[in-house]
Amino acid sequence: MIPRIYVPADSGALALGAEKVAKAIEKELAERGVEAKIVRNGSRGAYFLEPMVEVATAEGRVAYGPVKPSDVKSLFDSGFLKGAPHKRWLGAPDKIPFLAKQTRLTFARCGVIDPLSLDNYKAHGGLKGLQNAVAMAPADIVKQVTESGLRGRGGAGFPTGIKWKTVLDTASERKYIVCNADEGDSATFADRMIMEGDPFVLIEGMAIAGIATGATKGFVYIRSEYPHAVATMNKAVEIARKHGVLGVNVLGSPNAFDMEIRVGAGAYVCGEETSLLNSLEGKRGVVRAKPPLPAIQGLFGKPTVINNVISLASVPIIMDKGAAFYKDFGMGRSRGTIPIQIAGNVKHGGLFETAFGLTLGEIVDEIGGGTASGRPVKAVQVGGPLGAYFPRALFDTPFDYEAFAAKDGLIGHAGLTVFDDTADMLKQARFAMEFCAIESCGKCTPCRIGSTRGVEVLDKVASGIEAEKNLALVTDLCNTMKFGSLCALGGFTPYPVMSSITHFPEDFKPAPTRVAAE
Ligand SMILES: Cc1cc2nc3c(=O)[nH]c(=O)nc-3n(C[C@H](O)[C@H](O)[C@H](O)COP(=O)(O)O)c2cc1C
Ligand code: SF4
């Protein structure tokens, strides 16, 4: 058998030099006259080991990483095609501690298969969920998804099955499935990773959503900063259409479902579902007032399921293995697994899929390995730019929607940004207000005006101008934004601001004291 070498074409791996490594391997093969097939897989998500090259041996796959182009010659010399030892040798990928500790349900195939091989997808359990779904009544599919306990992974954690039921129960000659792949949160890359590494799982999830609700058309709205994901998804849709996974008779059934890929407009607020729908319709990305809910009047005024990539990509395994299987993972009302994305100043950055329930401390210290700088962790922002900053004192908080809400925080899309003790939390609070001012769609006053006033007042605090009085003003402003904003951009910006003030009060002392303290 011709040896197989896996070199990720995932954009994270490419950013770390995977293309040059692939070229160096090609060159070395040609020069040595060795025949081998280079497979461009996705990433397994251990980014601190990328570019991670794998070879298929008789004993299974063997990984090497992080591989530099200059390592390639010595890899061949030491016999890496047979999995031989080398300074970059990591052993079997699923034994690498960062990967071995995970529970991979949604990301089971990511980094393992050739992303654009439908045969490979099927050989690893793909399409089983859809096969089951086409033989079921729509209400039964909705019931199974509801019973699995799956909640939206885009941020709000709304039960997916309940959203689908509203669309199923709303009569209309046309309904839509919209996949939110805008992935604007800082520290997040789960949507991108799965679209690049296992695109058919998203297509399968969307087809199931269509059959469950009576929608025959789907759109994936992908942020423009993800050109590789756009290209992979476009190719995968074409392949799925050619093989009858999409089309007028999905998997030979009487159900029709087709989909298109659309590229985003480049605004954070276009990830908000109603703003996204406006953008998809070719309008400016401004938030719509609710009601009506998109499930009743969404895209082009028709009933629309709008779900995050990971919500939809988690559906195939639920339809394959059953609601009870999925629900068995997790804690409280947070069921199943969550792909936690660990980033910022951290030693072992990457994607870690696990059942809900690990504590924040376990994730940051044990899995993430602490900071990359080697300094103590000061704060972790959980849930993107609208998420709260958690101090070490709250590291016992379990990763669970309700547990985070009880500590005035949120899980969001499960992105973690780690900061060491050099972080200035006043600057971070100011950044949150500034971000909101820049990204505000402008529709409501607390967000549009409040965020700009917030920047000004925090600047006064930083300059030591009536610090106490101005901090009280910031708190007042945060309450107005929290309760008076139309959407979560203005409504949640108070989370990073207030958590910084609450947990790191020393950073908000007047400048001379702060300098003296340092
Ligand atoms: C300002 C803002 C930005 C958002 N950005 C995203 C995003 O990039 N991706 C996403 O899936 N959801 C985002 N959301 C949440 C969506 O509005 C919506 O809740 C989600 O698409 C629903 O899908 P889910 O139920 O599967 O999570 C954002 C919300 C707000 C307020
Ligand atoms: S909170 Fe901000 S982003 Fe949301 S609708 Fe109001 S102005 Fe627009």
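Note that the coordinates shown come from a computational prediction; the quantities given were computed from them, not determined experimentally. Heavy atoms only: backbone and side chains are in, while hydrogens, waters and symmetry mates are out. When a ligand or atom number is given, it counts from 1 through the structure's own listing order.
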- prompt: Which ligand 2 atoms does Val269 reach within 4.0 Å, using its non-hydrogen atoms?
  reply: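 Numbered from 1, ligand 2 contributes 3 (S).
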- request: Look at atom 16 (C) of ligand 1 and find which of Gly490, Gly154, Cys179, Gly271 reaches it with the closest heavy atom.
  value: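 Heavy atom nearest to atom 16 (C) of ligand 1 belongs to Gly271.
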field: Pick from Glu272, Arg151, Arg223: the one approaching atom 30 (C) of ligand 1 most closely through a non-hydrogen atom
entry: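 It is Glu272 whose heavy atom sits nearest to atom 30 (C) of ligand 1.
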Heavy-atom contacts under 4.0 Å between [X] and ligand 1: side chain, backbone, both, or neither?
| X | answer |
| --- | --- |
| Ser311 | side chain |
| Glu183 | backbone |
| Tyr268 | both |
| Arg153 | backbone |

query: Ring centroid separation for Phe352 and Phe98, is it under 6.0 angstrom?
result: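 Phe352 vs Phe98: aromatic centres under 6.0 Å.
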Could you list the donor-acceptor pairs under 3.5 angstrom formed by side chains in residues 338-346, with sequence neighbours left out?
residue : atom : partner : partner atom : Å
Gln341  : OE1  : Phe189  : N            : 2.7
Gln341  : OE1  : Ala190  : N            : 3.0
Gln341  : NE2  : Pro339  : O            : 2.8
Gln341  : NE2  : His413  : O            : 2.9
Gln341  : NE2  : Ala414  : O            : 3.4
Asn345  : OD1  : Ala372  : N            : 2.9
Asn345  : OD1  : Ser373  : N            : 3.1
Asn345  : ND2  : Ser373  : OG           : 3.2
Asn345  : ND2  : Asp420  : OD2          : 3.2

message: Between Asp182 and Arg223, does any side-chain N to carboxylate O distance fall below 4.0 Å?
response: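 Arg223 and Asp182: not salt-bridged.
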Quiz: residues 228-236 side-chain donor-acceptor pairs under 3.5 angstrom, not counting sequence neighbours:
residue : atom : partner : partner atom : Å
Thr232  : OG1  : His228  : O            : 2.8
Asn234  : ND2  : Val230  : O            : 3.3

message: Taking distance alone, with N or O pairs closer than 3.5 Å, would you say Asp182 contacts ligand 1?
response: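 Between Asp182 and ligand 1, no N or O pair is found under 3.5 Å apart.
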- prompt: Does Lys482 make a cation-pi contact with Tyr495 (under 6.0 Å, within 45 degrees of the axis)?
  reply: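 Cation-pi check for Lys482 and Tyr495: passes.
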query: Short list, please: which atoms of ligand 1 are under 4.0 Å from a heavy atom of Ile306?
result: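 Near Ile306, the atoms of ligand 1 are 22 (C), 23 (O).
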field: Test item, His413 contacting ligand 1 (heavy atom, 4.0 angstrom)
entry: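 Under 4.0 Å: no for His413.
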- request: Could you list all the salt bridge (Lys or Arg N to Asp or Glu O under 4.0 Å) pairs where at least one residue sits in residues 332-349, not counting sequence neighbours?
  value: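 Output for this query lists Arg333-Glu402.
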task: Show all protein N/O/S atoms under 2.8 Å from atom 6 (Fe) of ligand 2, or state that there are none.
output: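 N, O, S partners closer than 2.8 Å: Cys444 SG.
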